[in-house]
Novice: 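Have a look at the structure that comes next, please.
One-based numbering, in listed order, for ligands and for the atoms of each. Numbering of residues begins at 1 and proceeds along the displayed sequence.
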Amino acid sequence: MKGAKLPYRYDHYTWVEIREVVKRQPVVVLPTGSTEDHGHHLPLDVDTFLVSSVCEGAAQLIPDEVLLLPELAYGFEDHHMDFPGTITIRDDHLLDFVLDITRSVGHHGFRKILIVNGHGSNANIMETVARRTVIETDVHCGMLNWWSMAQSTLWRIGDSDLQSHADEIETSVYRYLNDDAVQMDKAVKEVKIPDQKYYWRGWFRGKGASPLRMMDQWSRISETGVIGDATVATVEKGEQLYQAATRELAELIREFRTLPIEPRVDRH
Ligand SMILES: [Zn+2]
């Protein structure tokens, strides 16, 4: 069921209205998620639900400066296909698909596009989309992962030392937004870290991410789908993480909107 017309929703306007909205040059925001396993305790929609909620929260803070596109609920998941329910979009297919969205938005005269991502394995693809959009159109297009907006808060208020998947941050924010859909009695801590200095498993407290990037088959490295500690997730932490993410994202959007697009110079 659809509610009231929201000033920050791209798809709530008519085409005649969009022609006017483009004149104030809001930042067009595309949330990208996934439909994928997130442990025994969380539904398949975690990445999509969290990223679209964070984007909506940021848009509510600065409604005239944002135009929120409908979220993309599918991502690149080939390494998760041992887990029932996961839907994967091939990487090249996803790249072309999202590039078609940014090109369309640019075609209608919008000059600032931000892809806000909620699924780790989309990140490199979305970065390529953003870079190609900049090169192939006269638009500024950037990308970020929503959790990077909340990571410092996680290390300050969180109890786990690893951020990766279906973990403290994702479970806490989901609990804050819709606790009824989280089965906390099935939440686990699953952290099997091999004795390897450089091998990536996520973001570690005080260390960041490893320089070696290799994504293994998920079923080799996780029993339940969780990597991290979901047992310490609470509604209260989720609220703080969500507030931090929305505040910082709104600030970033506002700054990105004012970044001037300088003319190109052919220096041959
Ligand atoms: Zn996730």
Novice: Would you mind naming the N, O or S atom of Asp47 nearest to the Zn ion (ligand 1)?
Specialist: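 Nearest to the Zn ion (ligand 1) within Asp47's N, O and S set: OD1.
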
Novice: Examine His80 together with His38 and report whether their ring centres are nearer than 6.0 Å.
Specialist: no

Novice: Write down the atom of Ala244, the atom of Thr153, and the distance for their closest heavy-atom approach.
Specialist: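 Smallest heavy-atom distance, with atoms named: CB-OG1, 3.3 Å.
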
Novice: Check Glu170 and report its N/O/S atom nearest to the Zn ion (ligand 1), by atom name.
Specialist: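 Nearest N/O/S atom of Glu170: OE2.
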
Novice: For the residue pair Thr32 and Ile115, establish whether any side-chain heavy-atom pair is separated by less than 4.5 Å.
Specialist: yes

Novice: With a cut-off of 6.0 Å (strictly less than), are more than 12 heavy atoms of other residues, nucleotides or ligands near CZ of Arg24?
Specialist: yes

Novice: Could you tell me whether the Zn ion (ligand 1) has an N, O or S atom of His38 under 2.8 Å away?
Specialist: yes

